[in-house]
Engineer: 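Before I ask anything, here is the structure I am working with.
Counting starts at 1 for both ligands and their atoms, following the listed order.
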Amino acid sequence: MSGDPSNVPVLVAGAGPVGMTTALALHARGVETAILEAEPADRDRSGSRAIYVHGSTLRTLERLHSGLGTNLVDEGLVWPTRRTLYRGKEVFNRTYDSPGGSGDIPHFTSVPQVVTEQYMLEALADIGVDIHWETEVSSVASSPDGVHVETADGREWETDYLVGADGGGSTVRKEIGSNFEGDQSENAFIIADIEDEGIDDDHPDLERLFHYDAPEADGRNVLLVPFTGGWRLDIQCIEGDDPEELSSTERMREFVRDIMGEEYADSLQWVSTYHFLQVMADSFVDEDRRVLLAGEAAHLLAPFGARGMNSGIADADEAASAIAVALNARTEAVARDEVELFAARREKAAEYNLDAAGQALEYLQGKDPVTILRKEAAAELADYFEVAGEWLDDAPYGPHGAPPIVSTGNY
Ligand SMILES: Cc1cc2nc3c(=O)[nH]c(=O)nc-3n(C[C@H](O)[C@H](O)[C@H](O)COP(=O)(O)OP(=O)(O)OC[C@H]3O[C@@H](n4cnc5c(N)ncnc54)[C@H](O)[C@@H]3O)c2cc1C
């Protein structure tokens with residue numbers, strides 16, 4: 001490699017949660033790797049993004065680096081109660097007496113992404129994987145024999161495989177000629193974190209609250225989720241909203257006071273407007289089967305069901321698995337096949353996740369009169385039939401279940 005003394009067979013672009021997981025997953029399979037990251041080591045990643053980490057993700061992280069999954073479980077919390085209101089009236093309330101899951105890993109944990117990333121960074125330092133900070137990938141040229149990468153600092157790198165985990169604006173995706181396809185219309189949310197140092201697992205009354213058409217938010221849907229150290233407040237914009245205006249500190253303080261109570265009005269930690277798309281790359285690999293896309297470089301999802309980081313971590317694990325086999329393959333055809341199988345599996349998973357998040361989006365924001373009527377009928381019936389309230393509680397997150405497993409089609 002001409003760019004750096006370390007000579008690694010796989011480079012990863014991006015030190016977000018997906019790139020870091022890719023590096024951990026490669027190392028766990030005995031493959032040396034290094035990360036090229038555009039930003040400096042002391043970058044500010046504050047402003048919590050993913051908080052809901054699925055049990056399957058925690059198990060993957062634990063498998064890749066012993067202690068990583070359980071550390072996140074220790075840092076995070078599991079809320080025991082799911083509660084839903086409909087225009088001010090409670091329609092569902094259920095408390096669980098156990099966090100579910102199996103062994104040390106619960107059904108989920110609620111932990112800010114910045115904490116997850118910190119543990120990933122520590123795990124990488126532990127095993128000695130280099131992160132080259134301020135090393136922005138600027139061009140990528142693949143051939144049947146490997147990949148030539150140039151970084152903005154003028155360095156050149158040769159590697160056998162490159163994983164593009166460089167986020168939604170991915171240079172790697174553009175360089176391999178892959179394009180985002182799907183619904184390009186932007187939807188907006190206002191998201192705030194509200195500090196509450198008293199929050200931890202010892203609060204048996206912790207709840208995740210979804211409020212349809214909340215009067216306190218002038219008829220907008222509101223989601224309130226606890227995590228260690230605070231609350232995540234999501235307010236879904238409605239037609240005619242100006243998200244920037246609604247997210248001004250003054251207006252947000254009013255929302256927080258009205259929704260959570262006066263005592264929280266001064267605890268706003270971070271506010272942001274979040275615009276999301278529902279798109280995926282038309283190919284997760286390049287023509288030479290040497291460059292693989294993972295995480296938001298490959299797909300952008302609506303936030304319902306918390307599939308963004310969770311599915312990106314699954315991409316990372318499968319990309320590493322494919323590359324580990326491909327590197328040891330005795331024929332070029334087998335190596336290509338492994339990479340193609342990665343693409344088939346993860347493209348199918350992304351389609352499934354897009355569809356699931358899309359169903360939730362349509363349910364929440366669509367104008368289909370049947371859906372609107374079903375919601376109203378369910379809210380009426382919730383007093384008599386728990387199943388009606390449970391449907392209202394469940395639907396904002398899309399269908400349950402994981403993407404199908406895709407095989408090569410061999411019998
Ligand atoms: C408000 C909010 C709430 C969310 N909640 C959840 C949730 O509860 N659960 C969930 O699963 N997901 C959630 N998500 C989604 C989750 O945050 C993302 O899916 C996740 O961060 C994607 O990780 P990534 O590593 O693919 O990309 P990123 O986190 O964007 O990381 C990409 C990295 O690549 C670097 N980079 C960019 N360009 C280059 C380049 N050319 N060369 C080198 N490096 C480069 C960037 O600096 C960055 O470090 C949420 C997102 C938001 C905004």
Side-chain angles (χ1 to χ4, degrees), residues 11-24 34-41 43-54 56-58 60-61 72 76 108-114 116-117 120-121 131-140 149-153 155 157 162-175 187-193 208 223 225 227 232-236 247 270-277 281 293-316 319 346 350 353 356-357 397:
L11 286 172
V12 178
V18 175
M20 289 195 279
T21 302
T22 308
L24 291 169
I35 301 178
L36 310 178
E37 165 56 49
E39 292 189 335
R43 64 188 172 160
D44 181 11
R45 292 279 280 180
S46 62
S48 88
R49 301 206 283 159
I51 52 173
Y52 191 96
V53 186
H54 290 285
S56 59
T57 301
L58 294 166
T60 299
L61 296 175
L72 294 181
F108 71 93
T109 195
S110 187
V111 60
Q113 184 167 326
V114 56
T116 301
E117 291 186 9
M120 287 178 172
L121 276 174
I131 302 181
H132 300 275
W133 299 101
E134 294 181 83
T135 305
E136 180 185 347
V137 170
S138 53
S139 85
V140 174
V149 177
E150 289 180 12
T151 45
D153 54 12
R155 283 190 285 173
W157 313 68
L162 171 71
V163 178
D166 49 342
S170 173
T171 299
V172 176
R173 184 185 65 245
K174 290 170 195 153
E175 286 290 295
N187 293 277
F189 262 77
I190 297 161
I191 300 202
D193 283 358
R208 181 274 286 138
L223 174 66
V225 181
F227 60 85
R232 159 71 58 77
L233 175 64
D234 285 10
I235 300 175
Q236 289 172 20
S247 59
W270 172 82
V271 184
S272 163
T273 53
Y274 174 37
H275 298 265
F276 59 87
L277 299 174
L293 300 177
E296 291 203 339
H299 45 73
L300 297 176
L301 304 169
F304 316 106
R307 296 167 184 274
M309 186 180 79
N310 284 292
S311 71
I313 285 175
D315 293 341
R346 296 318 297 168
N353 287 321
Y397 315 100

Engineer: By side chain to side chain donor-acceptor pair (under 3.5 Å), which residues pair with Asp315, not counting sequence neighbours?
Structural biologist: His299, Arg346
Engineer: Which one holds for Val18 and ligand 1: side chain close, backbone close, both close, or neither close, with close meaning a heavy atom under 4.0 Å?
Structural biologist: both
Engineer: Does some non-hydrogen atom of Gly312 fall short of 4.0 Å from ligand 1?
Structural biologist: no
Engineer: Is the shortest distance from a heavy atom of Arg43 to ligand 1 less than 4.0 Å?
Structural biologist: yes
Engineer: Counting heavy atoms only, name the option from Gly16, Gly305, Pro17 that's nearest to atom 23 (O) of ligand 1.
Structural biologist: Pro17
Engineer: List every atom of ligand 1 that sits less than 4.0 Å from any heavy atom of Thr171, numbering the atoms from 1 in the order shown and giving each element.
Structural biologist: 41 (N)
Engineer: Out of Gly168, Gly14, Ala50, indicate the one that has the non-hydrogen atom closest to atom 14 (N) of ligand 1.
Structural biologist: Ala50
Engineer: If the contact criterion is a heavy-atom separation under 4.0 Å, does Met20 count as touching ligand 1?
Structural biologist: no
Engineer: At what distance, to the nearest 0.5 angstrom, does CG of Leu24 lie from OG1 of Thr60?
Structural biologist: 12.0 Å
Engineer: Any idea which of Asp166, Leu36, Val12 brings a heavy atom closest to atom 43 (C) of ligand 1?
Structural biologist: Leu36
Engineer: Report, in ascending order of atom number, the atoms of ligand 1 lying under 4.0 Å from any heavy atom of Gly295.
Structural biologist: 26 (O)
Engineer: For the backbone of Val53 and the side chain of Thr57, can you confirm whether one donor and one acceptor N or O come within less than 3.5 Å of each other?
Structural biologist: no
Engineer: Are the side chains of Pro303 and Arg49 in touch, meaning some heavy atoms are under 4.5 Å apart?
Structural biologist: no
Engineer: Just to be sure I read this right, does ligand 1 sit under 4.0 Å from the backbone of Arg45, its side chain, both, or neither, counting only heavy atoms?
Structural biologist: side chain
Engineer: Tell me whether Thr135 contacts the main-chain N or O of Trp133 through its side chain, where contact means a donor paired with an acceptor under 3.5 Å.
Structural biologist: yes
Engineer: Counting each atom of ligand 1 from 1 as listed, which ones have a heavy atom of Arg232 under 4.0 Å away?
Structural biologist: 3 (C)
Engineer: Tyr52 and Tyr397: aromatic ring centres closer than 6.0 Å?
Structural biologist: no
Engineer: Hey, does Ala38 come in under 3.5 Å of ligand 1, counting only N/O atoms on both sides?
Structural biologist: yes
Engineer: Return the set of residues passing side chain to side chain donor-acceptor pair (under 3.5 Å) with Glu39 (not counting sequence neighbours), or none when no residue passes.
Structural biologist: Arg43
Engineer: Looking at Glu296 and Gly167, would you say the former's side chain and the latter's main chain have a donor-acceptor pair under 3.5 Å?
Structural biologist: no
Engineer: Is any NZ, NE, NH1 or NH2 atom of the basic residue among Arg155 and Glu150 found under 4.0 Å from an Asp or Glu carboxylate oxygen of the other?
Structural biologist: no
Engineer: Please identify which atoms of ligand 1 are closer than 4.0 Å to at least one heavy atom of Ala306.
Structural biologist: 7 (C), 8 (O), 9 (N), 10 (C), 11 (O)
Engineer: Are the side chain of Asn353 and the backbone N or O of Arg307 linked by a donor-acceptor pair below 3.5 Å?
Structural biologist: no
Engineer: Give the numbers and elements of all ligand 1 atoms closer than 4.0 Å to a heavy atom of Glu39.
Structural biologist: 47 (O)
Engineer: Can you sort out which atoms of ligand 1 are near Ile191, meaning under 4.0 Å from one of its heavy atoms?
Structural biologist: 1 (C)
Engineer: Would you check, one step at a time, whether the test side-chain contact (heavy atoms from CB on, under 4.5 Å) holds for Leu72 with Leu58?
Structural biologist: CA-CA 8 Å; Leu72 294 181; Leu58 294 166; 3.9 Å; yes
Engineer: Within this structure, what is the CG-CD distance for the pair Asp166 and Glu136, rounded to the nearest 0.5 Å?
Structural biologist: 9.0 Å
Engineer: Out of all atoms in ligand 1, which are within 4.0 Å of some heavy atom of Gly167? Include the element for each.
Structural biologist: 27 (O), 30 (O), 32 (C)
Engineer: So for Pro303, does at least one of its heavy atoms come nearer than 4.0 angstrom to any atom of ligand 1?
Structural biologist: no
Engineer: For ligand 1, which atoms have a heavy atom of Ile51 less than 4.0 angstrom away?
Structural biologist: 7 (C), 8 (O)
Engineer: Please work out which of Met120, Arg49, Glu37, Glu296 has its closest non-hydrogen atom nearest to atom 28 (P) of ligand 1.
Structural biologist: Arg49
Engineer: Which part of Tyr274 is near ligand 1, with near meaning a heavy atom under 4.0 Å away: side chain, backbone, both or neither?
Structural biologist: side chain
Engineer: Determine whether the side chain, the backbone, both or neither of Ala165 has a heavy atom under 4.0 Å from any heavy atom of ligand 1.
Structural biologist: backbone
Engineer: Quick one: does any side-chain atom of Arg173 pair with a main-chain N or O of Ala297 as donor and acceptor, under 3.5 Å?
Structural biologist: yes
